[in-house]
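Below, chain A is the first sequence line, B the second, and so on; all start at residue 1.
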Number of protein chains: 2
Amino acid sequence: MVSGISLKELAAELNLAPSTVSRALNDSYEISEQTKKRVLSMAEKLNYHPNPFARSLRENKSKTIAVIIPERINNFFAQVMDGIESITQEHGYHLLVYSTHEDLEKEKKIVNLLLNGRADAIVMSVSSQTSDISHLRKLYDRGLPILFFDRICSEIPTTKFITNDFQSTLEATRHLIQQGCKRPAFLMLSEDISITKERHRGFLAALKEAGIEHNPEFSKVCCQREERNIEILAELLNRPDRPDGILSSVEKLALASYHAAKKLKLRIPSELKVISFSNMGIAGLLNPSLTTIIQPACTIGEECAKILIKKLTKPNQPDLPNEVITIPSKLIIRESTLAE
Amino acid sequence: MVSGISLKELAAELNLAPSTVSRALNDSYEISEQTKKRVLSMAEKLNYHPNPFARSLRENKSKTIAVIIPERINNFFAQVMDGIESITQEHGYHLLVYSTHEDLEKEKKIVNLLLNGRADAIVMSVSSQTSDISHLRKLYDRGLPILFFDRICSEIPTTKFITNDFQSTLEATRHLIQQGCKRPAFLMLSEDISITKERHRGFLAALKEAGIEHNPEFSKVCCQREERNIEILAELLNRPDRPDGILSSVEKLALASYHAAKKLKLRIPSELKVISFSNMGIAGLLNPSLTTIIQPACTIGEECAKILIKKLTKPNQPDLPNEVITIPSKLIIRESTLAE
DNA sequence: AAGAAATACGCAAACGTTTTCGAAATTATA
DNA sequence: TATAATTTCGAAAACGTTTGCGTATTTCTT
């Protein structure tokens, strides 16, 4: 017998109508202080807890927000989650969390599960495979507030949070060049997603600025499997005209680069410089320590949550505006990009 | 207008009773194949999605499982989460995820939120601060299936999943001693929680076995703040009779040890050997690479979920048996414990 | 061919809330 | 003192499902 006492039973115990008890518990002005006290203490005594589903059914809202991320074992997304939770928890919201594992099919399934209104809103970062966006459009058309971060979907007119992908990659690449790189490579998970495009653009802009001609084969699309990525990178780094620098647009490819370099006995940073987007706490403990572009993950999470909470709790809020909000990243220079 | 069409409206559209439509959608034997087809296609056409709250209210179950973990930015817990999700998703269950940030007060708040039946079951790992367990008992008394993993609460009679904490620490400490450590230290987050006790016991057993007398001051309780931990460890490592080996019962303290060693210019492994419980994917890339005891995180998550799903989906299941299930860890030897 | 069994569906209650409306009882107003 | 205004509460509907029970229609018995 999981369920406890109901409002009706509580009311019966008090010789009051359910409506009165409901109002008392919700601190309505229509109820005298005396009865409120009586109700509260009896509720406490009988261990009454309002049934959330009855309430959700009646009020047509669930005090629940769904979060969809591409992967959990990733410091950036974990930090964003913490940021979101810190705000939503304050306002009594619950978090349904789903991981797509970078799989579009899984993403579609998850999104379809949310079509029934189980969550009041959705904040998500699309998978690296997400080119078709019909499932997202369905969500949007249903009127569910959606909010994107990092891997955004620009076709859906809503609010999106990103970091200054272009600018920070531009500066990171400048740093790479300044440290002596002549033939930097760019690593990505997919050509389709938003951040890749922006970061690649920033990368190319820096090369052009420095008068370096880019070999398109040095812009490498990698995959999900670690082993395969190490192979791909080893192959790249084994070329006679191999890259002497790497800008990785995601954390895991920087690590694959380290492994590949280790395998080929290429020394970092003297023979290969590496820089990466990453929110690892221990970048400084790697061998050698990794120069990183740190994204404001926690802040992004908090800002997402704040906007959503405002939209959900204040009456008559307009739809989430169709705008892209940028929060800058920070470049932390460590050993992996040191000039000799 | 978030909510779509209702069952009633769908029924009206079909000139059928809501009960018939409900049964058709649930594939009841009482409905003819022909009407089932008609209903299904109309539901598809009108984009009907059953309201989960109405269903939950009626059926008194939510197809939701709550997971409470001490922190998200931790490979072990992230992997457990993935394990849980892989099973629950198959069965159409949703995951409410909460992080206590190792804070007992937060844990209590979260647990109290779950008293109302929002989730059909709970799987959790208690915070390192959890000594008082009255909130957990309240949950249990309510009849909600609870399941513990890793940081278990032995006072609650239910199923718990752990790794072989004693045995694996015993072996890890043996390894440390075998590599030449004379004065190993043990690092922990709290003396109260289950895993710490077991691991400490294993540690001490190995010392006794080797005839090493243990200095109690070498069993260090650390805290949550990284900086403070580095201070504590630096102090420990600055003693004239400083430890020459470290067994860290949690990942983050191994990293703090690395930082402290770096600060004191102590060389690992020649001057200090380090071994730690950790599920970091990149332990091999640290400087030096870190010898780790890897817990079967994903499996633990899967097993938790399997048991829970069985309990929740099969009718007339008995309560979760009061037993502790052990899944062994694996010792991966790397550079940080190499004898010179 | 008449009764029994099986098939296919509808009516209405129930789950536990919130809220609209109405109506007593009390207090203030003239 | 009679009436108006205020305070405080109750009755009942509604949210969208599922399900026990009743019933009309068809099919199977003998």
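Crowding of B/Glu44 atom CD: a count of heavy atoms from other residues, nucleotides or ligands under 6.0 Å not exceeding 12. In the displayed structure, B/Glu323 atom CD is contacted under 6.0 Å by more than 12 heavy atoms of other residues, nucleotides or ligands. With a 6.0 Å radius and a threshold of 12 heavy atoms from other residues, nucleotides or ligands, B/Lys61 has its NZ atom at or below the threshold.
Regarding A/Leu7, its CG atom lies at a distance of 15 Å from the C1' atom of D/dA12, rounded to whole Å. The distance from atom CZ of A/Phe53 to atom P of D/dG16 is 17 Å, rounded to the nearest whole Å. One atom, CG of B/Leu57, and another, P of C/dA13, lie 17 Å apart when rounded to the nearest Å. When the P atom of D/dT17 is taken as reference, atom CD1 of B/Ile5 falls 10 Å away, rounded to whole Å. Rounded to whole angstrom, the span from the CD atom of B/Glu33 across to the P atom of C/dT7 amounts to 12 Å. Across the protein-nucleic acid pair, A/Ile31 atom CD1 and C/dT18 atom P stand 12 Å apart, rounded to whole Å. In this entry the distance linking CG of A/Leu14 with P of D/dT8 reads 17 Å, nearest Å. A straight line from CG of B/Leu25 to P of D/dT19 spans 13 Å, rounded to a whole angstrom.
A sub-4.0 Å separation between OP1 or OP2 of D/dT18 and a side-chain N or O of B/Asn26 is present. For A/Ser32 and D/dT7, the shortest distance from a side-chain N or O to OP1 or OP2 is not below 4.0 Å. Phosphate proximity of D/dT6 to A/Tyr29: absent, as no side-chain N or O sits under 4.0 Å from OP1 or OP2. For C/dG10, the OP1/OP2 oxygens have no side-chain nitrogen or oxygen of B/Ser19 closer than 4.0 Å.
The base of D/dG16 is not paired with the side chain of A/Arg58 by any donor and acceptor separated by under 3.5 Å. The base of D/dG20 is paired with the side chain of B/Arg23 by a donor and an acceptor separated by under 3.5 Å.
Nearest nucleotide to the side chain of A/Arg55, out of D/dT17, C/dC9, C/dT17: C/dT17. Side-chain proximity of A/Glu59 to C/dT18, C/dG16, D/dC9: nearest is C/dT18. Comparing atom distances between the B/Ser22 side chain and each of D/dT18, C/dG16, D/dG16 picks out D/dT18 as nearest. Each of D/dT19, D/dG10, C/dT17 was ranked by its minimum atom distance to the side chain of A/Asn51; first place goes to C/dT17. Taking every side-chain heavy atom of B/Pro50 into account, D/dT17 is the closest of D/dT19, C/dG16, D/dT17. Of the candidate nucleotides D/dT17, C/dG10, D/dT19, D/dT17 has the atom lying nearest to any side-chain atom of B/Lys8.
Along DNA chain C, the nucleotide nearest to A/Glu30 and the one nearest to B/Thr20 differ in position, and the one closer to the 5' end is contacted by B/Thr20. Nearest-nucleotide positions on DNA chain C for B/Asn15 and B/Ala54 put B/Asn15 closer to the 5' end.
A side-chain N or O of B/Thr35 and one of B/Ser32 form a donor-acceptor pair less than 3.5 Å apart.
Using the six-membered ring where Trp is involved, B/Phe149 and B/Phe76 have ring planes that are tilted, between 30° and 60° apart.
Between A/Glu90 and A/Lys306 no salt bridge is recorded (no basic side-chain N to carboxylate O distance below 4.0 Å).
In this structure, A/Ser56 reaches neither bases nor backbone, as no heavy-atom distance under 4.0 Å exists between it and the strands shown.
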